[in-house]
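Each chain gets a letter, A, B and so on, in the order its sequence line appears, and its residues count up from 1.
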Protein chains: 2
Amino acid sequence: MTPKKITINDVADHAGVSVTTVSLVVSGKGRISPQTAARVQQAIQALGYVPNRQAVTLRGGRSGVIGLIVRDVCDPFYAEVTAGLSEVLEAQARVLFLTQSGREGLGSLRAAESLLKQGVDGIVLAGNLLHGPDVRQRAAAAGVPLVCAARANALEGMDLVRPDNQLAARLATGHLVAEGHKQIAYIGGAGHSLTRAERLGGFCATLLQYGLPFRPEWMVESGVHRHGMAAKVEALLRRYPQITALVCHDAAVTLGAYFGVLNAGRNVGGQALEGLYSPQVALAGFGEDADDALAELPLTRVSAAGREVGRSAAERLLQRIDNPDATPQQWVVAPVLIARAPG
Amino acid sequence: MTPKKITINDVADHAGVSVTTVSLVVSGKGRISPQTAARVQQAIQALGYVPNRQAVTLRGGRSGVIGLIVRDVCDPFYAEVTAGLSEVLEAQARVLFLTQSGREGLGSLRAAESLLKQGVDGIVLAGNLLHGPDVRQRAAAAGVPLVCAARANALEGMDLVRPDNQLAARLATGHLVAEGHKQIAYIGGAGHSLTRAERLGGFCATLLQYGLPFRPEWMVESGVHRHGMAAKVEALLRRYPQITALVCHDAAVTLGAYFGVLNAGRNVGGQALEGLYSPQVALAGFGEDADDALAELPLTRVSAAGREVGRSAAERLLQRIDNPDATPQQWVVAPVLIARAPG
DNA sequence: GTGAAAGCGCTAACAT
DNA sequence: ATGTTAGCGCTTTCAC
């Protein structure tokens, strides 16, 4: 059934050389004569030889495997991160171990444990940075490099790749301002969210920069479950009819806001109209590219570029693998503005 | 830096026995005296011994690793499948290799190749069944079990886990019928989609079962990009005002349909009103649990239960690993209806 | 019941 | 420039 596994010995026999020679040819290390090298290559082709990873690793080489600890692959942002990571690693002929720490998962630390047991060359911790220090300690003890990828800022002293939430908010807000809006509210996000805090920073900074008002009452929290945003937005707009634009924290909030606008008797659109009061309310929202359910809505979106975060995390980890003693760095990935024709 | 790796030899020394004994105790195989076993266990605890996977695998044991080939982890359905798979495997102290075949990935076959090189115990092919036969052949040649997990039916002769699209459509349609709707249209999906075909089967069957009309003009395709569904739905409703309910193919289509209903001067709601013409139009849609952006809409959703598909695929693969010669089976996973209070 | 020893496939000294 | 050989950590006959 299973075809006889062909090993380095078979190749050596077939080429009439020793295993050392074959090994040297494969790794391109020693000085081997062109003729011999050619004969060996030919034997490799003929037999379809593929080096056995476990043997290499056992002997002390690299396993070629990277471990990923992610809270929940179903979260669109982290799904993008995972995809980006996987892309880069595949291009390097490496593979990715996936473990989940959240939901039904076994927790970051246990995940790390099981990855280390498998002999990974490096670990990416995506989200769940609460247990970051524990994981770092464990990885350090095993001499395995660790890189974090998260939605918001966190620990010092660790390699971390994250989106630029502040810039994202500046882009979104700036876009609305450029369209002529002067009364802008921020909708959604849980009060304790670090991501929200960073975005609010960019939001306020942009308003200040243009001399526009920002009022605490115009920053509406959503609970974690994001229920009833439509009602909250409707109430906001009825109370402050001068508001002409909303920055929305995520896809669910955006949709809620959309209905809130309609329920308040206003329309959703882009360009701010003349005069103080406009029946139009413009929307800008954050979200991943994969959140395409909202693609048809007339709104401007800013993506946190999760895929790019994943790619960068992979790059950084590969660097760390080659150079374990490098100083930890924070990499910030620029967001992407996807403007929508007003309408 | 790196703490000395402790091996089976260290344990043997510490316990004053031979490596054979330690191995036997760990695997629980040979007949070892309780005293010796206890001493060994104690040594294992004391030293924190963890068997080296590569050594075990090299020696001929199982690697404890399962490979997953998925087209795109960012697709909500396959993200759920991945999560379900990962859950089950983690519970079994196994780990999951993730490879992507689509997008920037290297194609199913190359992914399979790289998984086999890593010595996986089994492979799950999720989606992209076009290349299923190739992958199967390759896996079979390596003596590695293969299980497919896909959104729709496909090849014969392979183990396959998939959602019950037909039942899903029956649930959605039946729900609308139970609410009193008699004129129901099906919106969205690409014409060549197998999933759509299966759902349409369930849709039509349900209508027939209740003696309700089904008309080809009431089955509106969306392109692959799902643009302009709002306009299509508006046109449909204006042309056939007797329609009171829509079954929507996915989240994006549902949202488009929602606006189509509004644009047609109708409202979205649940209960069918008296009389032939109702201003209300009810919506039922398909989607994963993770598609929660639409959670606030007053509509009934049917989930394909991707997570459960993943779990089942894992179960089946574990069976195949224990019993490689079993006959291929098709497993069908029941969908989940999430009813919404009509509003 | 327990131990000695032979490899699994590979790499890296150390010869030659 | 190429070959010999000693392990990496483990399981598994086969002795005792």
Side-chain angles (χ1 to χ4, degrees), chain A residues 2-44 47-65 116-121 142-143, chain B residues 2-44 47-65 116-121 142-143:
Chain A
T2 306
K4 192 190 153 303
K5 261 292 178 192
I6 76 108
T7 78
I8 198 172
N9 289 292
D10 303 327
V11 178
D13 287 354
H14 189 98
V17 297
S18 78
V19 290
T20 307
T21 308
V22 177
S23 178
L24 259 26
V25 168
V26 169
S27 63
K29 280 185 176 169
R31 328 130 279 249
I32 301 291
S33 77
Q35 305 96 309
T36 321
R39 267 222 318 292
V40 171
Q41 289 292 6
Q42 197 178 331
I44 289 176
L47 300 180
Y49 166 68
V50 174
N52 180 317
R53 277 292 186 151
Q54 4 277 348
V56 175
T57 310
L58 179 56
R59 191 66 220 319
R62 299 252 135 264
S63 65
V65 177
L116 291 172
K117 190 182 308 183
Q118 298 292 334
V120 295
D121 293 341
Chain B
T2 307
K4 194 189 153 303
K5 262 292 178 194
I6 78 106
T7 79
I8 198 172
N9 289 291
D10 302 327
V11 177
D13 288 354
H14 189 98
V17 296
S18 77
V19 292
T20 309
T21 307
V22 177
S23 177
L24 259 28
V25 169
V26 169
S27 65
K29 281 186 175 167
R31 329 125 283 245
I32 301 291
S33 78
Q35 304 96 308
T36 322
R39 264 220 321 291
V40 171
Q41 289 291 6
Q42 197 178 330
I44 290 177
L47 301 179
Y49 167 67
V50 174
N52 179 317
R53 276 287 188 172
Q54 3 276 350
V56 175
T57 310
L58 179 56
R59 191 62 226 298
R62 298 252 135 265
S63 66
V65 178
L116 291 171
K117 189 183 309 186
Q118 297 292 335
V120 296
D121 293 343

Side chain to side chain contact (heavy atoms under 4.5 Å, CB included), paired with Ile32(B), selected from Leu24(B), Val17(B), Thr20(B): Leu24(B)
Measure the distance from [atom1] on [X] to [atom2] on [N] and round it to the nearest whole Å.
X	N	atom1	atom2	result
Arg62(B)	dT12(D)	CZ	P	12 Å
Ile44(B)	dC10(D)	CD1	P	10 Å
Asp10(A)	dG9(C)	CG	P	8 Å
Ile8(A)	dT2(D)	CD1	C1'	14 Å
Arg53(B)	dG9(C)	CZ	P	19 Å
Asn9(A)	dG7(C)	CG	C1'	12 Å
Ile32(A)	dT11(C)	CD1	P	13 Å
Lys29(A)	dC10(C)	NZ	C1'	12 Å

Closest non-hydrogen atom pair, Gln54(A) against Gln118(B): NE2-O, 3.6 Å
The side chain of [X] is closest to which nucleotide in this list: [options]?
X	options	value
Ser18(A)	dG9(D), dC10(C), dG3(D)	dG3(D)
Tyr49(B)	dC10(C), dG1(C), dC10(D)	dC10(D)
Thr20(A)	dA5(C), dC10(D), dA13(C)	dA13(C)
Asn52(B)	dA6(D), dC8(C), dC10(D)	dC10(D)
Ser23(B)	dT2(C), dT12(D), dT4(D)	dT12(D)
Arg59(A)	dT11(C), dG1(C), dG3(D)	dT11(C)
Thr7(B)	dC8(D), dC10(D), dG3(C)	dC10(D)
Pro51(B)	dC10(D), dT2(C), dT2(D)	dC10(D)
Val56(B)	dT11(C), dC10(D), dG9(C)	dC10(D)
Val19(A)	dT4(D), dG3(D), dC10(C)	dT4(D)

Any side-chain donor near an acceptor of the partner, Ser18(A) and Thr21(A), under 3.5 Å: yes
Students often get this wrong, so: under 4.0 angstrom with heavy atoms, is [X] touching a base, only sugar-phosphate, or nothing?
X	result
Leu58(B)	base
Leu24(B)	base
Thr57(A)	nothing
Ser27(B)	nothing

Of Ser33(B) and Gly60(B), the one whose closest DNA chain C nucleotide lies more 5': Ser33(B)
Gap between atom CG of Asp10(B) and atom CG of Asp13(B) - 0.5 Å precision: 6.5 Å
From CD (Gln42(A)) to CG (Leu47(A)), nearest 0.5 Å: 10.5 Å
dT2(C) phosphate, OP1 or OP2, under 4.0 Å from Thr21(B) side-chain N/O: no
Heavy-atom check, side chain of Asn52(A) versus side chain of Leu58(B), under 4.5 Å: yes
